[in-house]
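Naming: A, B, ... by sequence-line order, numbering from 1 per chain. In what follows, every heavy atom counts, from backbone to side chain, and hydrogens, waters and symmetry copies are set aside. Keep in mind that what you see is a predicted model, and the values were worked out from it rather than measured.
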Protein chains: 2
Amino acid sequence: MTKTDTAKNDAFDLQDFLPYLLNRAAEESSLEFQRAYKDRYGMLRTEWRVLFHLGNYGEITAKEIGERARIHKTKISRAVSKLELRRFLTRTPSERDRRVEHLKLTPAGKAAYRELCGIARQYDAKLAAMFDEDEAALLRKMLQKLAEMR
Amino acid sequence: MTKTDTAKNDAFDLQDFLPYLLNRAAEESSLEFQRAYKDRYGMLRTEWRVLFHLGNYGEITAKEIGERARIHKTKISRAVSKLELRRFLTRTPSERDRRVEHLKLTPAGKAAYRELCGIARQYDAKLAAMFDEDEAALLRKMLQKLAEMR
DNA sequence: GGATAATAGTTGATTTTGTAACTAACAAGC
DNA sequence: GCTTGTTAGTTACAAAATCAACTATTATCC
């Protein structure tokens, strides 16, 4: 379809707008992987993110997860509760500061993490294979930069 | 922070996982622009997407917007209703098929579109300036490919 | 050391999204 | 032409995200 007057005037193409492209690519690329944790474990995105952070970084607090992944504390709080219910993690109140809780994966949590890691690695490889190796590396670098800005 | 046993075993780094990176970059890069349409017009993301599609492609149906932007029809339906309430668009039932409605921006809708376009173009330039010109072009191409996969 | 501010995390109310069922109109096969 | 299936769009209900207010604890500073 050709563009109309309103568009020609300022030559703006939605299909080139970076935030739009990033959102579309993110949604699209999340879909397939989402099925893995949703169908298998009934997990939500925030939950696997918390799970992955714990698996990746070991014992850590809710606040630290929120800072790293830029997730709001209420979302984390609810995700942690659900993961605790499913016996995927345990909380230990900190000795030094009783407001803080240290979170840690249980063996079941680690098992889930490992399985999802495998699926994630495979899926990531599949996505990366859409590009040349050096292009994919550059893509990761640029996305990291965009994710870290502010 | 160093990685723990669970992570070392299978060398999976969350910070390199493409769907995670894409989501983080998308969220981060949307924030500033989101303020523009939220604060100025009280719009939600789906609403400006519909607005932009109408501004970009002219008269079009709800279904076509949904296909192009991969937005579910219920979301579109609600966004169209809100944009209509704000008098940013009008609906005209199709002559040939009375199930279909042709959507069109009003002058007010076009004005909002134009203003947001300006902001968008500026913001896009700012994002693109984080990279070399050819890198930014490659980024757009890769994102388009990821958005179109399936 | 006692008032004030700040921080970690939770809870509740409101808004937004997602899912499924629905209406109205058209299309196809017989 | 009438049953069966499909499509565009809406609506109702359930699930989830957002925002504000809250508790409990620690830090600050006079």
Legend entry - N23(A) versus R45(B), closest heavy-atom pair with distance: OD1-NH1, 2.9 Å
Inset, instruction - Would you indicate what K73(A) reaches in the nucleic acid, counting non-hydrogen atoms under 4.0 angstrom: base, sugar-phosphate, or nothing? - result: base
Legend entry - Rounded distance (Å) that lies between atom C1' of dG18(C) and atom CG of L31(A): 13 Å
Legend entry - Nucleotide dG12(C), atom C1' - distance to NE2 of H72(A) in whole Å: 14 Å
Inset, instruction - Please report, rounded to the nearest Å, how far the C1' atom of dG18(C) is from the CZ atom of R70(B). - result: 18 Å
Inset, instruction - For R45(B), answer base if it contacts any base atom (sugar-phosphate contacts may also be present), sugar-phosphate if it contacts only those atoms, and nothing otherwise; contact means non-hydrogen atoms under 4.0 Å. - result: nothing
Inset, instruction - Find the distance E101(B):CD to dA25(C):C1' and express it as a whole number of Å. - result: 13 Å
Legend entry - Atom-to-atom span, CZ of R98(B) to P of dT23(C) - whole angstrom: 19 Å
Legend entry - Quiz item: R78(A) side-chain donor-acceptor pair to dG12(C) base, under 3.5 Å: yes
Legend entry - Same apolar cluster: L31(A) and I71(B), side chain cutoff 4.5 Å: no
Legend entry - First and last nucleotide of DNA chain D, 5' to 3', lying under 4.0 Å from heavy atoms of chain A: dA16(D) to dT26(D)
Inset, instruction - Please work out whether the ring planes of H53(B) and Y57(B) are parallel, tilted or perpendicular, with thresholds of 30° and 60°. - result: tilted
Inset, instruction - Could you tell me the separation between the CZ atom of R91(A) and the P atom of dA8(C), rounded to a whole number of Å? - result: 16 Å
Inset, instruction - Find which nucleotide of DNA chain D each of K38(B) and K38(A) is nearest to by heavy atoms, and output the residue with the more 5' nucleotide. - result: K38(A)
Legend entry - Position toward the 5' end of DNA chain D (nearest nucleotide), S81(B) or R99(B): R99(B)
Inset, instruction - Taking all non-hydrogen atoms of both residues into account, name the closest pair between K145(A) and M130(B) and its distance. - result: NZ-O, 2.9 Å
Inset, instruction - Decide, yes or no, whether a salt bridge links E84(A) with R91(A) under the criterion of side-chain N to carboxylate O below 4.0 Å. - result: yes
Inset, instruction - Using a heavy-atom cut-off of under 4.0 Å over every strand shown, decide if L44(A) touches base, sugar-phosphate, or nothing. - result: sugar-phosphate
Inset, instruction - Please confirm whether Y20(A) and F52(B) have ring centers closer than 6.0 angstrom. - result: no
Inset, instruction - Round to the nearest Å and state the distance from I60(A) atom CD1 to dG9(C) atom C1'. - result: 16 Å
Legend entry - Integer-rounded Å distance: dA6(C) C1' and K63(A) NZ: 11 Å
Inset, instruction - For T74(B), answer base if it contacts any base atom (sugar-phosphate contacts may also be present), sugar-phosphate if it contacts only those atoms, and nothing otherwise; contact means non-hydrogen atoms under 4.0 Å. - result: base
Inset, instruction - Would you sort out whether E47(B) and Y41(B) count as a side-chain hydrogen bond (donor to acceptor under 3.5 Å, both in side chains), showing the intermediate values? - result: CA-CA 10 Å; E47(B) 287 162 49; Y41(B) 298 106; over 6 Å; no
